[in-house]
Each structure stands twice: as C-alpha cells, then as structure tokens.
Amino acid sequence: MRSYRTLFRTPEFTPFLLSFAAHAAAQTIGGLALGTLVFRATGSPLLSAVSMFGPQLAQLLGATFLLSGADRLPPRAVLSGLALAFAAGTAVLALPGLPVAAVFAVVLAQGLIASLGGGVRAGLLNEILPKDGYVLGRSVFNMLWGLMQVAGFATGGALLALLTPRACLLLAAALYVLSALGTRLGLTARPPRSAGRPSVSATWRTNALLWSSRPRRLTYLGLWIPNGLVVGCDSLFVSYAPGAAGTLFACGALGMFVGDVTVGRLVPPTWRPRLAVPLRLLLAAPYLFFVLQPGVALSAVATAVASVGYGASLVLQERLMSLTPDGLAGQALGLHFVGMSTFQGVGAALAGTVAQLTSPATAMTLLAAASVTVTLILAALGRHEERRPAVPGTPPGVLPEPAVTDPPRRGARREDAQ
C-alpha cells in the first residue's frame, strides 16, 4: 500500500483517524492549559514541566499491571472507556481552588490508565490495515498528531490569551467526549486478538519475551531514550519563553509533520532503515544551539528543524514489527508507547530539575548533548549486532521465539483485502 487514496478507502480507517484527532486535540489544548495553570500558580519550571509530561511516568506502572489487556480486551470498548475517563479527569482539573497536590494526583491517574491506550490503538491499526500499509497508516497518524499539535498549541495559546486555563481544560474535556463518541459509533466491535484474561502474570510473561531478544532491546532503547531526552527540552518551552510557548510547540509539531510525510510517503522502503541514526541525530542537534539563548524566532526555526527527526520512530517501529510475532503486536507496540512515554516523563523531570538549578537554556543544551551521545552508542551496538552470525530461520541476531502461552484467538485478526 503506497497511496493515501488506497489508505483512506480502507474500511474504518477514516473514523478511527478522526476519533484520534479529537483525542490529540484534547491532549494538546489540555496539556498547554495545565502547564500554564501550574506555572502561574507556582512559578516553578520543574512543576510546570512535570504537570505536562510527568503523568507519562505513571505509564511505567501501568505497563507492569495492565499492558496484557492490549491484546486481551475488545479494542473499541477500551478506547471509548479511556476517552471518557480522560474527559472526567480533565473536568476535575478545571475545578477552582484544586490544590496542586490534587492536580498531580489526577494527572498521574490519567497516566496510569493511558498506558493501555497506545497498545490498543496501535494493535487495532494493525488489524484495520494490511501488513504493507502499517508504516503509511502510522505515518498518517503521526502527521495528524503533528497537525493537531500545530492547531492545538496555536489555538490553545490564543485561547489562553482570551480565556482562563480552566476554561481551556473544560474544552479539552469536551473533545475527549467527542473522541469517545467517534470510537463507539465509527468502529465495529472486535474480539480480543489473543485468548486469555488480562493479568499481571500475563503482562510480565509477555514483556519478558519481548525483552528477551537483543535486537528488540536495542530497537526499544533507540525508540525511547533519544526521544525522551529531546522531549525534556520541549517541556521547558513554557519556562524558556512563557509568552511564546504555544508558538514553539506549534513549530515543533510542524517539523514533526514534515518528517512523517517524508519518511512515510516519500522515502522508499529499502532506504528507510538507513535513516534511523541520521534522523535521531537531527532530532537533538539543533537544541545544542540553545546554549546561545536565541530569541523566539531563531528558537522556533531550530525547534522545527529538530522535530523532523521524530520521523525516526516510524523507521524503528517498522523494525520492531519485523522482529515481533503477530499475536504479540499489540503488547509490543504498547510496551513501546509506554516506554517512550516513561522516558519522556523522565526527560521532563530531569530537564525541569536541571533548569531549576541552572537555566532552561542550559538544561536544553545538556539534554540534547546526552541524546546525541546515546544515539551514537546505540548505533555502534547495532553495527556489532549485525555482524553476529544469524540463527537458522531467523533474521541476523534475532533469538528464536519461545512458544507463546496464550496464542491468538482464531479469527481475531484479519487483513482487509484491497
């Protein structure tokens, strides 16, 4: 599948995409409003950064207990329920006089339940599209996420100039409700991809299996760490330029959109694996420029250029799927999204801490340098892995898979004929 026309003719893809758009808009507008609310109340770069990205740390706990549900629960019901839970939590955040401690309790609870959403959504996309359409479909989702960030941060910044942060949070809650309705009305009910009930033991067992392969481990680390450190840089936009944070976020989303279009649509499949390292280096290198404390215009350009590098995630997700059994696709992608979110939360907390002790510009520069270093180390380890002799019947460096305890339910997975 190489054309957008074919992609949008696939049954259920369009309503699935639109429900995600409402979810992305709610998350963008709500996150900016919450970060602004906390910064105005506390004056702390650390608390502002953690309020926007810290809830992602809670997804690590969710991955420990809930992630097996990504393949063992009906996807439509899960996505609708999660959107309604986010709507309720966001409405609570808009309550006047809510203590900062209560704000963090709510957003951490949201992060906990969000750990299930990424795997369910990615696994469902894998069902809706044929195998050769996953990268193109995923790139469209990423492009839409980028567009919604551009629109959401720009709109959110404008709304915050006219309305209170609490009013913007109520708008975000309404968008979450719209996402739940789109999912419920636009998608058909599907059975779980795998038999068995979700449990802590099933989650741990499958996570251990996914982590048992060295090539998968390197792929996961490449998806998580460089990205998380750069998101730490992004989390300081509010404290770096309080009056123009929406502009910087929007420029970053625009760069992400360009990267996803390029990688998902324009780059031939045979070239994509070669771009993983250059794109990850591009993701971090422009933030080294912040050591000079540039103004808003130059900062926006640097942010847009850097964000093109987020296209590396498409390359690495494609590699992850090539290394993963079909029956574990949902949990494998869910583990990726949870790990990515966790490292983004760690990056935000680390960036906020360094900025508290030094300055936002210094923290951005240091985290960017760390991201470049990690990318180069992982690239060296990957080249070493490629030189290892292959196990018969598997790609180079890939360990034979143990038997999956809970095999996929017959008929639970389908491919759409084109």
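Note that the coordinates shown come from a computational prediction; the quantities given were computed from them, not determined experimentally.
Residue Val106 comes nearest to Gly89 through the heavy atom pair CG1-O, 3.5 Å, listed as atom of the first residue, atom of the second, then distance. Between Ala94 and Leu169, the shortest heavy-atom distance links the atoms CB-CB, 3.9 Å. The shortest non-hydrogen separation linking Leu320 to Ala332 is CD2-O, 3.9 Å. Nearest heavy atom pair, residue Pro360 against residue Ser239, reads CG-OG, 3.8 Å. Taking both residues in full, the closest heavy atoms of Ala26 and Leu175 are given as CB-CB, 3.6 Å, listed atom of the first, atom of the second, then distance. Residues Leu125 and Gly137 share a closest heavy-atom pair of CD2-C, 4.2 Å.
Between Trp224 and Phe343, the angle of the ring planes stays under 30°, which puts this pair in the parallel group of the 30/60° scheme. The aromatic rings of Phe237 and Tyr287 sit parallel, their planes meeting at an angle under 30°, below the 60° perpendicular limit.
Although no hydrogens or angles enter the test, the distance criterion places no donor-acceptor pair under 3.5 Å between the side chain of Thr324 and the main chain of Met321. Of the possible polar contacts, one joining the Ser179 side chain to the Ser19 backbone as a donor-acceptor pair under 3.5 Å is found. Checking side-chain atoms of Arg216 against main-chain N and O of Leu210 turns up a donor-acceptor pair under 3.5 Å. Using modelled atom types, no side-chain atom of Ser371 and backbone atom of Ala368 make a donor-acceptor pair closer than 3.5 Å. Using a distance-only test at 3.5 Å, with no hydrogens or angles considered, no donor-acceptor pair links the side chain of Ser307 to the main chain of Ala304.
Rounding to the nearest 0.5 Å gives a distance of 6.5 Å between CD1 of Ile29 and CG of Leu159. Atom NE2 of residue His23 and atom CG of residue Leu178 lie 12.5 Å apart, to the nearest 0.5 angstrom. Atom-to-atom distance recorded for Arg217:CZ and Leu378:CG is 12.5 Å, nearest 0.5 angstrom. Between atom CG of residue Leu229 and atom CG of residue Leu350 there is a gap of 7.0 Å, rounded to the nearest 0.5 Å. Taking CG of Asn227 as the reference point, atom CG of Leu221 lies at 12.5 Å (rounded to 0.5 Å). Atoms CG and CG, on Asp260 and Leu266 in that order, are 11.5 Å from each other to the nearest 0.5 Å.
With salt bridges taken as basic N to acidic carboxylate O contacts below 4.0 Å, one links Arg190 and Glu12.
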side-chain contact (heavy atoms from CB on, under 4.5 Å) between Leu281 and Val372: does it pass, once the steps are laid out?
-> CA-CA 6 Å; Leu281 291 175; Val372 169; 4.0 Å; yes
Where do Arg214 and Leu381 land on the side-chain contact (heavy atoms from CB on, under 4.5 Å) test, with the steps shown first?
-> CA-CA 10 Å; Arg214 179 179 169 88; Leu381 293 174; 4.0 Å; yes
Starting from the C-alpha separation in whole Å, work towards a yes-or-no answer on side-chain contact (heavy atoms from CB on, under 4.5 Å) for Val315 and Val267.
-> CA-CA 10 Å; Val315 178; Val267 176; over 6 Å; no
For Leu124 and Leu187, run side-chain contact (heavy atoms from CB on, under 4.5 Å): C-alpha distance rounded to whole Å, both residues' side-chain angles, the deciding distance at 0.1 Å, then the answer.
-> CA-CA 10 Å; Leu124 182 56; Leu187 302 179; 3.8 Å; yes
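You'll find the side chain of Leu73 stays beyond 4.5 Å of the side chain of Val120, heavy atoms only. Using a 4.5 Å cut-off on side-chain heavy atoms (C-beta onward), Phe16 and Leu79 make contact. Residues Tyr310 and Val231 meet the side-chain proximity criterion, which asks for heavy atoms closer than 4.5 Å. Considering only heavy atoms from C-beta on, Leu283 stays 4.5 Å or farther from Thr375 through its side chain. Counting heavy atoms from C-beta outward, Met340 and Tyr220 have side chains that stay 4.5 Å or more apart. Two residues are said to be in side-chain contact when any heavy atoms from C-beta on lie closer than 4.5 Å; Thr303 and Phe290 meet this criterion. Put simply, the side chain of Thr188 does not reach to within 4.5 Å of the side chain of Arg76, judged on heavy atoms. Looking at Leu93 and Val103, their side chains come closer than 4.5 Å, going by heavy atoms from C-beta outward.
Applying the 6.0 Å contact sphere to CZ of Arg166 captures more than 12 heavy atoms from other residues, nucleotides or ligands. Surrounding CH2 of Trp211 are more than 12 heavy atoms belonging to other residues, nucleotides or ligands, all under 6.0 Å away.
When the options Thr14, Leu17, Val140 are evaluated for a side-chain contact (heavy atoms from CB on, under 4.5 Å) with Leu7, the one that passes is Val140.
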